[in-house]
Amino acid sequence: MYLAAGSCAGVWWYDLITCLPVSLFETERGMVDRIAFCSGQPWLALKNTSKNGDEVIKIWDTQRQKCIAVMEYPVRLREDHPPQNGVGSLCFSPSGQWLAASRDSSVIVDIYESLTGSVHASLELPAEDVELCSIDDWPNEFFWNFSGALAFSPDNRLFASSHWSDFISVWDITTRKRIIRLTGHSEGVHSLSFSPCDQFLAAGGVKGTVQVWEAATWQLQQTYPLTGDDWMDISYAPDGTLRAAGISHDQSTVTVWDVPQQKALYTFQEKNYFGAEIYSIHFSNGTHLAFQSDFEVQVKSVGDAEPLSILPWERGDLHSLVFSPDGKTLCAGYRQFGGVILWDVATHRPQRVVTEPRCHIVAVYSDTATGKFYATGYPPGESLYYGNTLNLWEIGQNEPIAELTVPGEPPDRRDGMAYAPATELLACGNGTEKDSESSDENGHETGAVYIWDVARGQMRHIFRGKHTNRINYMRFSPDGTRLLSKCTDWTNRVWDVMCGEEIGEFPEVFVMPHGYFDAAYIKSLGEDLRALTHFVPLVFSPCGNLIAGVSGARILVWDIEQCEARIIMHTSLTVPDGEYPLVDPIVFSPCGRYVAFGENWQPGLEKVPVQLWDISTGENVATFLGHPTDIQCLAFSPDSTILASGSYDDTILLWDLKPYLQ
């Protein structure tokens with residue numbers, strides 16, 4: 001038994017027995033957010049949207065893991081760029097001869113010949129019915145989840161559809177004509193399904209009702225008022241039993257119903273850690289139900305309250321990577337998923353999916369002395385922007401080992417906090433952006449830096465008066481004795497956290513295409529000010545004496561002791577005639593000789609580069625191309641021979657550096 005799941009990485013193919021992904025395909029373009037299985041063939045239809053907004057519908061043979069057809073783009077839409085009517089739903093005919101595609105904000109359904117990809121028919125409603133189909137009349141929460149109700153009859157002869165309306169259209173595929181217009185769901189239709197015997201058509205509404213029509217006479221046979229405001233996703237089982245899954249977004253529940261008996265078989269209640277809802281749902285022949293919730297996919301057999309499989313899915317914002325001290329395990333932290341995945345570097349398989357701490361993770365850390373992993377973040381249920389509590393967890397433990405409440409305005413809880421396992425210090429800053437004030441309306445100082453001693457459970461230092469606005473970035477040196485703090489007032493400071501003293505402030509350095517200059521000389525240089533970009537320090541070297549940062553498309557390595565730039569590395573245009581890349585993140589190799597950095601995606605870029613530079617020579621020794629989207633995080637193995645890169649699509653790639661190291 002397998003499950004296909006579309007994502008921004010491609011299509012994941014899961015084995016439901018092992019709960020592990022078997023393969024990942026269709027990775028070249030971008031987001032796969034519509035998929036459909038064919039019951040009569042081992043085929044999967046998918047809609048893939050590139051980062052430029054271009055869409056394509058493909059059919060894959062799941063046994064051969066090969067694309068066998070690409071659907072023709074309708075003539076009426078070819079001049080739209082990006083397309084104005086994105087693909088909403090996909091539906092195969094039982095034999096696989098036809099593939100139907102509905103489109104958002106459109107009442108036209110295209111019927112494709114599956115093997116050739118050509119358009120067999122474009123089914124368009126009469127003008128008087130088009131006027132009745134208005135997206136504006138539907139609730140907003142329904143709009144972004146709904147994509148059109150489609151269904152083929154078992155003999156492949158009839159096709160039923162409903163779009164943003166209270167009626168259903170039944171079409172003859174051979175004549176391409178509508179044969180009947182069915183009404184009765186005054187609140188709207190969410191799903192459609194023909195019975196295996198071809199005698200009935202069932203429709204699930206958006207207000208908890210299911211209706212059944214006789215296909216011979218098109219008379220309404222029965223209306224089942226099952227529940228209040230649930231969206232009813234219906235499916236006939238092979239034995240003809242009609243079942244429905246009612247989705248309640250207000251209550252975050254899924255209830256499975258035996259429709260003829262009007263009996264609820266079981267209800268799943270979303271844990272709702274982050275206000276999450278029940279998302280994509282699929283009924284497989286009325287016997288298995290798959291739905292996404294709480295950053296995982298659950299697969300259930302109808303009649304069994306316990307899940308058949310639970311798959312981690314849409315972990316949400318891969319933000320941090322770190323290797324274990326022995327280099328055998330890679331820890332990946334996901335802010336929205338609220339947990340981490342420990343990957344076996346040798347087998348590329350997850351060793352363990354840790355769902356505690358259940359929090360918004362900001363970063364993960366590895367203690368080189370003990371081998372333990374830690375995570376910084378903030379409590380579940382809280383917003384990134386509202387709240388003053390910061391937490392530190394040991395991965396796998398239920399309760400935080402440290403909790404720090406910052407006075408004054410809420411701190412930056414994305415990058416304005418850091419932990420040093422070597423010295424067991426937790427740092428954070430506070431403040432809100434102000435033009436000239438150094439304290440908020442309650443008298444709390446803005447721009448203060450707090451150093452919490454985790455081992456002693458007390459405040460070690462508070463650095464005041466050096467930053468005047470919101471602290472938006474914190475990083476410790478690897479040995480935990482130095483701290484970098486950045487502020488929205490463009491001040492960058494380095495602190496000795498053991499002595500409680502400021503080491504120094506970065507001079508206001510501007511980097512130009514041919515070098516760097518102090519800001520005091522800028523006016524006399526007569527240079528084009530648009531070529532000037534501020535230096536933004538980001539990460540310490542292993543020795544703690546160097547800091548690497550970005551200045552536009554350039555990488556600058558700054559010597560803290562000498563207060564000068566050690567080297568400037570100029571990146572080149574990734575896309576001809578395009579913009580210079582936005583560089584982020586940056587990381588030093590443990591040996592201290594190399595710097596790696598990633599880029600963000602830009603139009604025209606098929607693969608986003610990860611670059612490796614030798615800071616002793618200023619040479620770009622390697623460029624790695626594999627990710628189709630933004631690079632979020634990087635990590636070197638302890639021996640500097642492996643570079644791990646994580647991207648916005650939540651995929652992690654491991655790069656062998658041995659051929660490039662000297």
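The first residue of the sequence shown is numbered 1, and numbering continues consecutively from there. Heavy-atom basis, side chains included; hydrogens, waters and symmetry copies ignored.
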Subject >> Intermediate values then yes/no, side-chain contact (heavy atoms from CB on, under 4.5 Å), Val109 and Phe159 >> reply: CA-CA 10 Å; Val109 178; Phe159 174 73; 3.8 Å; yes
**OP:** Please round to the nearest 0.5 Å and tell me the distance separating atom CG of Asp344 and atom CD of Gln351.
**Re:** 4.5 Å
Original post:
So which heavy atom on Ala160 is nearest to which on Leu201, and how close?
Top reply: CB-CD2, 4.1 Å
Original post:
When you look at Gln222 and Val210, which way does the side-chain contact (heavy atoms from CB on, under 4.5 Å) test go after all the steps?
Top reply: CA-CA 8 Å; Gln222 186 72 46; Val210 174; over 6 Å; no
Original post:
Taking atom CD1 of Ile652 and atom CG of Leu318, what is their separation to the nearest 0.5 Å?
Top reply: 5.0 Å
Subject >> N/O donor-acceptor pair under 3.5 Å between His348 side chain and Leu654 backbone >> reply: no
**OP:** Check the pair Phe152 / Trp98 against ring pair (Phe, Tyr, Trp, His ring centres under 6.0 Å), numbers first and verdict last.
**Re:** CA-CA 9 Å; Phe152 281 94; Trp98 312 114; 7.9 Å; no
**OP:** To the nearest 0.5 Å, tell me how far Gln219 CD sits from Thr217 OG1.
**Re:** 4.5 Å
Subject >> Under the side-chain contact (heavy atoms from CB on, under 4.5 Å) test, residues paired with Gln97 that sit two or more places apart >> reply: Ser93, Ser95
**OP:** Any pair with a residue in residues 108-119 that passes salt bridge (charged side-chain N to carboxylate O under 4.0 Å, His left out), sequence neighbours left out, goes on the list, sorted by first then second residue, please.
**Re:** Arg76-Asp110, Arg103-Asp110
Subject >> Donor-acceptor under 3.5 Å (Thr255 side chain, Thr267 main chain) >> reply: no
**OP:** Would you confirm whether Asp172, through its side chain, and Thr174, through its main-chain N or O, come within 3.5 Å as a donor-acceptor pair?
**Re:** yes
Original post:
Counting N and O atoms only, with roles assigned by atom type, does the side chain of Asp630 sit under 3.5 Å from a partner on the main chain of Gln632, one being a donor and the other an acceptor?
Top reply: no
Original post:
Going through the distances and angles, do Leu44 and Tyr2 end up as a side-chain contact (heavy atoms from CB on, under 4.5 Å)?
Top reply: CA-CA 12 Å; Leu44 177 73; Tyr2 297 94; over 6 Å; no
Subject >> Spatial distance of atom CD1 (Ile108) from atom CG (Leu123) [nearest 0.5 Å] >> reply: 9.5 Å
**OP:** Please confirm whether the backbone N or O of Cys633 pairs with a side-chain atom of Ser320, one donor and one acceptor, at under 3.5 Å?
**Re:** no
**OP:** Mind listing the closest non-hydrogen atom pair of Leu115 and Ala69 along with its distance?
**Re:** O-CB, 4.1 Å
Original post:
Does the side-chain contact (heavy atoms from CB on, under 4.5 Å) test come out yes or no for Val608 and Ser647, once each step is laid out?
Top reply: CA-CA 9 Å; Val608 179; Ser647 68; over 6 Å; no
Original post:
Residues in side-chain contact (heavy atoms from CB on, under 4.5 Å) with Ala151, at least two apart?
Top reply: Leu192, Phe194
Subject >> Donor on one side chain, acceptor on other, Trp13 and Thr62, under 3.5 Å >> reply: no
Original post:
Checking Gln221 side chain against Val212 main chain: does a donor-acceptor pair fall under 3.5 Å?
Top reply: no
Original post:
Can you tell me if CD on Gln262 sees more than 12 non-hydrogen neighbours from other groups inside 6.0 Å?
Top reply: yes
**OP:** Could you tell me whether the side chain of His627 and the main chain of Ser645 form a donor-acceptor pair under 3.5 Å?
**Re:** yes
**OP:** Can you measure from OG (Ser193) to CG (Leu242) and round to the nearest 0.5 angstrom?
**Re:** 7.0 Å
